[in-house]
Amino acid sequence: MNIHEYQAKAVLKEYGAPVAAGVMITSVDEAEAAAKKLPGPLYVVKSQIHAGGRGKGRFKELGEDAKGGVRLAKSVEDVVANAKEMLGHTLVTKQTGPAGKVVNRLYIEDGADIARELYLSLLVDRSTGRVAFVASTEGGMDIETVAEETPDKILTLPIDPLSGVSDADAAKLAEALELEAPAKDEFGQLARILYKAFSDEDMSLLEINPLIVMKDGHLRVLDAKVSFDGNALFRHPEIVELRDKTEEDAKEIEASEHDLAYVALTGDIGCMVNGAGLAMATMDIIKLYGAEPANFLDVGGGASKEKVTAAFKIITADPNVKGILINIFGGIMRCDVIAEGVIAAVKEVGLTVPLVVRLEGTNVALGKKIIEESGLNVIAADDLDDAAKKIVQAVKG
Ligand code: ADP
Ligand code: MG
């Protein structure tokens, strides 16, 4: 689960990280009062969307020359004028895709006098099985570009979970960031604060880009992107409160309500599969035959008829879907339950695209019989390969 920058900063502030004063607003009416709460004379108006690259982004309705999604303002009036241009408008960044995202919230923040922009993040390093810091002097740029062009400018440092951030760890990171006093002296504490926040809140990513050294030599967290491990959310009700559903894919929200593992993708073949491994294999084989999956969907082991119906509805609600492939290996899941779920769903929402069904395993004969007798226009397939070929052919014509 992702949250907004202003929320991430509030969480980090609780742990003692240095963040600027700021006020979140949802309407232009609030802009003046928000700015007046800050010291000035420099303000920053920041679009709050679940995507990065806002500074370099562009608003759809405004011309190419207009300023981006993060703007400096030199007076309260300037804050209000910028808020008017930004709120309710669609911001397109490298991470939003061409459709962009509507800016419904703005964060009005105290402006900082920046001397240096650095990169610092924490993530779960799968190769070492530890939480690792990633540090680079190249802040403000996207780290993927740095990794590609100047990989030697990135330090990845896994942390021993038993000892936490040691003095030696802090010193290594501070050196990689080329810090000098007083920032150098503040850094150890900041690293421990971030590590504690990451661990205690079950984050999966904490990215500060940029972490800045201000002209007065002190450190400040200037941007913050935080993602939480969805499997641990049950023990963080106050984090769940921060969820902004308007930022999420409607189909993914619907799927999560039915406890379905669903990820929306951009292709045109909708997939309904049981088991994550089989779902991945199904997506691969669709690609192998020259098409793209519209989603990842694992209905799970013991899915009920209702769950299958919900899954089918989510797939057919996607306007990109030009064909559906159901690929079920009935182990715990019974093929007849799948068949009944599909028929119930088709009766409710109709079927306007080709549907290929491949059933195998428990109660397969009964499942096939139910589908045959339903009179549904289904293309039957014998195995995974056959199924993928048939659906790609049906979609591509
Ligand atoms: P994004 O990464 O989405 O573009 P950032 O929060 O990193 O958004 O902001 C982009 C840039 O705007 C920063 O790299 C920094 O140069 C500037 N900036 C952001 N917040 C402030 C602030 N409070 N004071 C001064 N400059 C800022
Ligand atoms: Mg940033």
Side-chain angles (χ1 to χ4, degrees), residues 2-13 17-25 31 34-35 37-59 66-76 78-79 82-83 85-86 89-97 100-123 134-147 154 177 183 194 205-227 244 247:
N2 297 325
I3 58 175
H4 289 291
E5 172 200 1
Y6 78 94
Q7 296 168 322
K9 284 179 171 170
V11 171
L12 296 178
K13 193 177 174 186
V19 298
V23 183
M24 192 278 288
I25 63 168
K37 280 188 195 146
L38 302 175
L42 188 62
Y43 307 87
V44 184
V45 186
K46 309 186 79 173
S47 308
Q48 300 297 294
I49 54 170
H50 285 190
R54 296 161 302 166
K56 294 199 178 79
R58 285 291 170 266
F59 283 94
K67 287 189 280 177
V70 174
R71 300 174 173 194
L72 290 178
K74 297 212 163 95
S75 65
V76 173
D78 206 9
V79 168
N82 277 297
E85 267 195 34
M86 298 164 76
H89 293 107
T90 307
L91 183 62
V92 180
T93 82
K94 242 180 154 181
Q95 293 184 9
T96 60
K101 279 195 163 171
V102 178
V103 175
N104 294 314
R105 305 180 192 201
L106 289 178
Y107 193 45
I108 317 293
E109 194 178 57
D110 182 28
D113 282 325
I114 305 174
R116 298 178 61 213
E117 298 202 8
L118 312 169
Y119 178 94
L120 185 68
S121 68
L122 283 94
L123 44 79
V134 177
S136 170
T137 51
E138 308 305 292
M141 310 186 25
D142 71 86
I143 197 70
E144 290 80 6
T145 311
V146 182
I154 299 178
L177 295 171
L194 298 177
L205 176 72
L206 165 53
E207 184 179 60
I208 299 172
N209 188 18
L211 169 71
I212 58 160
V213 181
M214 293 188 289
K215 293 222 168 103
D216 64 9
H218 294 287
L219 290 171
R220 186 181 270 183
V221 170
L222 209 68
D223 188 10
K225 178 186 171 173
V226 171
S227 307
D244 179 358
E247 289 287 328

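Remember, it's 1-based here, ligands and their atoms both numbered in the order they're listed. These figures come from a predicted structure and were not determined experimentally.
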To make sure I understand the geometry: which N, O or S atom in Asp223 is closest to the Mg ion (ligand 2)?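 Closest N, O or S atom of Asp223 to the Mg ion (ligand 2): OD2.
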Nearest-contact summary for [atom] - protein heavy atom, Å:
| atom | answer |
| --- | --- |
| atom 24 (N) of ligand 1 | Ala112 N, 2.8 Å |
| atom 21 (C) of ligand 1 | Leu222 CD2, 3.5 Å |
| atom 23 (N) of ligand 1 | Glu109 OE1, 2.8 Å |
| atom 1 (P) of ligand 1 | Arg54 N, 3.5 Å |
| atom 26 (N) of ligand 1 | Ile114 CD1, 3.5 Å |
| atom 22 (C) of ligand 1 | Val44 CG2, 3.2 Å |
| atom 5 (P) of ligand 1 | Asp223 OD2, 3.4 Å |

Any nitrogen or oxygen of Gly55 lying under 3.5 Å from a nitrogen or oxygen in ligand 1? Just yes or no.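 Yes, since at least one N or O of Gly55 sits under 3.5 Å from an N or O of ligand 1.
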**Asked** Would you say Gly53 and ligand 1 have an N/O pair spaced under 3.5 Å apart?
**Response**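 Yes, Gly53 has an N/O under 3.5 Å of an N/O on ligand 1.
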inquiry  = Run His50 and Asp244 through side-chain hydrogen bond (donor to acceptor under 3.5 Å, both in side chains) and show every step you take.
reply    = CA-CA 9 Å; His50 285 190; Asp244 179 358; 5.0 Å; no
Strictly distance-based, threshold 3.5 Å: is any side-chain N or O of [X] a donor or acceptor partner for the main-chain N or O of [Y]?
| X | Y | result |
| --- | --- | --- |
| Asp223 | Ile208 | no |
| Gln48 | Glu5 | yes |
| Glu207 | Lys225 | no |
| Lys9 | Leu222 | yes |
| Arg116 | Thr137 | no |
| Thr93 | Arg54 | no |

Check each atom of ligand 1 against the heavy atoms of [X] and keep those under 4.0 Å away; list them by number with element.
| X | value |
| --- | --- |
| Val70 | 8 (O), 9 (O), 12 (O), 19 (C) |
| Gly111 | 24 (N) |
| Pro210 | 7 (O), 14 (O) |

Does the pair Glu85/Lys67 count as a salt bridge with the N-to-O cut at 4.0 Å?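 No, no charged N to carboxylate O under 4.0 Å.
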Which pair of heavy atoms, one from Ala224 and one from Val221, lies closest together, and at what distance?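 Shortest heavy-atom separation between Ala224 and Val221 comes out as CB-CG1, 4.3 Å.
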TODO: State which residue, out of Gln7, Lys46, Glu247, fulfils the side chain to side chain contact (heavy atoms under 4.5 Å, CB included) condition with Arg105.
DONE: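 Running side chain to side chain contact (heavy atoms under 4.5 Å, CB included) over Gln7, Lys46, Glu247 with Arg105 returns exactly one hit, Gln7.
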Legend entry - Nearest neighbour of atom 20 (N) of ligand 1 from the list Lys225, Lys46, Glu117, on a heavy-atom basis: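 Considering heavy atoms of Lys225, Lys46, Glu117, the nearest to atom 20 (N) of ligand 1 sits in Lys46.
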Worksheet item: Can you check side-chain hydrogen bond (donor to acceptor under 3.5 Å, both in side chains) on Asp142 and Thr145, steps first, answer last?
Response: CA-CA 6 Å; Asp142 71 86; Thr145 311; 2.9 Å; yes
For ligand 1, which part of Asn209 has a heavy atom less than 4.0 Å away: the side chain, the backbone, both, or neither?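 The part of Asn209 near ligand 1 is the backbone, not the side chain.
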At under 4.0 Å between heavy atoms, is it the side chain or the backbone of Asp110 that contacts ligand 1, or both, or neither?
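The backbone, only.
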### Query
Does Leu42 come within less than 4.0 Å of ligand 1, judged by its heavy atoms?
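Outside the 4.0 Å threshold, so no.
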ask   = Are any of the heavy atoms in Ala20 under 4.0 Å away from ligand 1?
value =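 For ligand 1, residue contact (heavy atoms, under 4.0 Å) with Ala20 is absent.
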